[in-house]
**Student:** 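Please find one structure pasted underneath; my questions will follow.
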Amino acid sequence: MSKDNFETSAIRTQIEHTQFLENSSPLYLTSGFVFENAEEMRASFTEEKERNIYSRFTNPNTSEFVDKICKLEGAEAGYAFATGMSAVFSTFAALLNAGDHIVSASSVFGSTHTLFTTYLPKWNIETSYFKVNEVDKVEGLIKPNTKILYAETPTNPAVDILDLELLGSIAKKHHLLLVIDNCFATPYLQNPIKFGADLVIHSATKLIDGQGRVLGGVTVGKADLIREIYLFSRNTGPALSPFNAWVLSKSLETLAVRVDKHCENALKVAEFLENHDNVSKVKYPFLKSHPQYEIAKKQMKLGGNIVAFEIKGGIAAGRKFLNAIKMCSLSANLGDTRTIVTHPASTTHSKLSEADRLEVGITDGLVRVSVGLEYVEDIIADLKQALQ
Ligand SMILES: Cc1ncc(COP(=O)(O)O)c(C=O)c1O
């Protein structure tokens, strides 16, 4: 048995058995742990002894989940959070000082964007943005106080691809920390650390859970950076609950088979949409027509489960399409067994001006499909009847 193989690591990375020799890891639903005596308690608090103290710090279930993600991402260490956003916030809050500067791709998840524009400026931390197709401008944005280079790939919701190898080389040349949100790809499809990322963040709420049940997040990467993130989090309290960690660790056992099937379905949906008369454009990383197809092939195993397309007729057509959907869900989540359809211009991004939407790749007719695991012909039939 080689634990280096993805599926085997995802299943066989396990906390120690109890005296019952259970096959599947039990749930340690406990807020704290007991000590045999005062000396053991003292040594545990000073970290002379490595053991569980309190579930805000560590817990066997969160440790198992983190260990798996570390193996699957090729990372030295990690810390698990209650949500993807607490992973994003705590990573920045732990590593940045007042007056530091971030260079980020402009297409990032909405709440991450709000963090950059509304909250980090409270501590005098500013962010400069580059467009996904203008990575050549990144070096021009770097200042003496720049500390972090940040990006998501594929991006949400426009499914653009950024060249991780290129970002890795820029970060190395300028001594910046490269932090990548790998949520859309999962560790199964893409490992940013191989391309030079120092830290990788996931919203485990998406494909890692994959069944739309729990929220979770994780940051993994270099041990010295994770140590800072751990100390910040141990004191500020964004920890993942043991129950959610147990669910997510179980979910990882089936990640490879689920994501394989998601990608197979998504490619078929993308090919169907590409040939539809009411669709003017389709973006899916593994379609040859994707502007960054070659980069996607270089850094991703398969294309993921998100397909973006442009419906002819703009906002009105997008709303009409959503209203005509019968089986797929209209929901804000993604990466679920259920196919989910969203129209950002009339929903999540409706408060932005058209110019601001276009800046992050959201055109009026853009529809995002998170392709699920239903029988693919049923997914296609629903989209087809809604497009007519
Ligand atoms: C790319 C990306 N990062 C982070 C998040 C935030 O994750 P969570 O909802 O678990 O806080 C999301 C949520 O959709 C996302 O799509």
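Counting begins at 1 with the first residue of the sequence. Just so you know, ligand 1 is whichever comes first in the structure, and atom 1 is the first atom listed for that ligand. Note that the structure is predicted; figures quoted are calculated from it, not measured.
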**Student:** Which residue and non-hydrogen atom of the protein lie closest to atom 9 (O) of ligand 1, and at what distance in Å?
**Tutor:**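 Answer for atom 9 (O) of ligand 1: K206 NZ, 3.9 Å.
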**Student:** Suppose we measure from atom 7 (O) of ligand 1 to each protein heavy atom; which comes out shortest, and what is that distance?
**Tutor:**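 Atom 7 (O) of ligand 1 sits closest to the protein heavy atom S203 OG, 3.0 Å.
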**Student:** Please report whether ligand 1 has a polar contact with L334, defined as an N or O pair separated by less than 3.5 Å (distance criterion only).
**Tutor:**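 For ligand 1, there is no N or O atom that lies under 3.5 Å from one belonging to L334.
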**Student:** Take H276 and F272, measure what ring pair (Phe, Tyr, Trp, His ring centres under 6.0 Å) needs, and give me the verdict at the end.
**Tutor:** CA-CA 7 Å; H276 199 286; F272 155 75; 5.7 Å; yes
**Student:** Which of the atoms of ligand 1 are close to T83, meaning less than 4.0 Å from one of its heavy atoms?
**Tutor:**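 So the atoms of ligand 1 that pass are 10 (O), 11 (O).
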**Student:** How are the rings of F57 and F45 set to each other: parallel, tilted or perpendicular (split at 30° and 60°)?
**Tutor:**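 The rings of F57 and F45 stand perpendicular, inter-plane angle above 60°.
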**Student:** Assess the residue pair S107 and E152 against the criterion (side-chain contact (heavy atoms from CB on, under 4.5 Å)); give the C-alpha distance rounded to whole Å, side-chain angles, the decisive distance to 0.1 Å, and a yes or no.
**Tutor:** CA-CA 8 Å; S107 300; E152 293 168 14; over 6 Å; no
**Student:** Do F81 and H202 have ring centroids that are under 6.0 Å from one another?
**Tutor:**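 No, the ring of H202 stays outside the 6.0 Å limit from the ring of F81, centre to centre.
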**Student:** Please state which protein non-hydrogen atom is closest to atom 16 (O) of ligand 1 and give its distance, to 0.1 Å?
**Tutor:**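 Checked against all protein heavy atoms, atom 16 (O) of ligand 1 sits closest to N156 ND2, 3.1 Å.
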**Student:** Examine distances only and state if a side-chain atom of S63 and a backbone atom of N59 form a donor-acceptor pair shorter than 3.5 Å.
**Tutor:**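 Checked: pair present.
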**Student:** In ligand 1, which numbered atoms sit nearer than 4.0 Å to a non-hydrogen atom of T205?
**Tutor:**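 Numbered from 1, ligand 1 contributes 8 (P), 10 (O).
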**Student:** Which residue and non-hydrogen atom of the protein lie closest to atom 11 (O) of ligand 1, and at what distance in Å?
**Tutor:**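 Nearest protein contact, heavy atoms only, for atom 11 (O) of ligand 1 is M85 N, 2.8 Å.
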**Student:** What is the nearest protein non-hydrogen atom to atom 4 (C) of ligand 1, stated with its residue, atom name and distance?
**Tutor:**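 It is D181 OD2, 3.5 Å.
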**Student:** Heavy-atom contact check, 4.0 Å cutoff: does L215 meet ligand 1?
**Tutor:**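 The answer is no, since L215 has no heavy atom less than 4.0 Å from ligand 1.
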**Student:** Give the C-alpha distance, both sets of side-chain angles, the deciding distance and a yes or no for salt bridge (charged side-chain N to carboxylate O under 4.0 Å, His left out) between E294 and K297.
**Tutor:** CA-CA 5 Å; E294 292 303 332; K297 281 268 172 182; over 6 Å; no
**Student:** Among all protein heavy atoms, pick out the one at the shortest distance from atom 6 (C) of ligand 1; state its residue, atom name and that distance to 0.1 Å.
**Tutor:**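 Its nearest protein heavy-atom neighbour is F109 CE2, 3.5 Å.
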**Student:** Counting from 1, what ligand 1 atoms have a heavy atom of E152 closer than 4.0 Å?
**Tutor:**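 Close to E152: 1 (C).
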**Student:** Could you label the plane-to-plane angle of the W123 and F89 rings as parallel, tilted or perpendicular, counting under 30° as parallel and over 60° as perpendicular?
**Tutor:**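 Aromatic pair W123/F89 classed tilted.
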**Student:** May I ask you to check whether K250 and S24 show a side-chain donor-acceptor distance below 3.5 Å?
**Tutor:**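 Yes.
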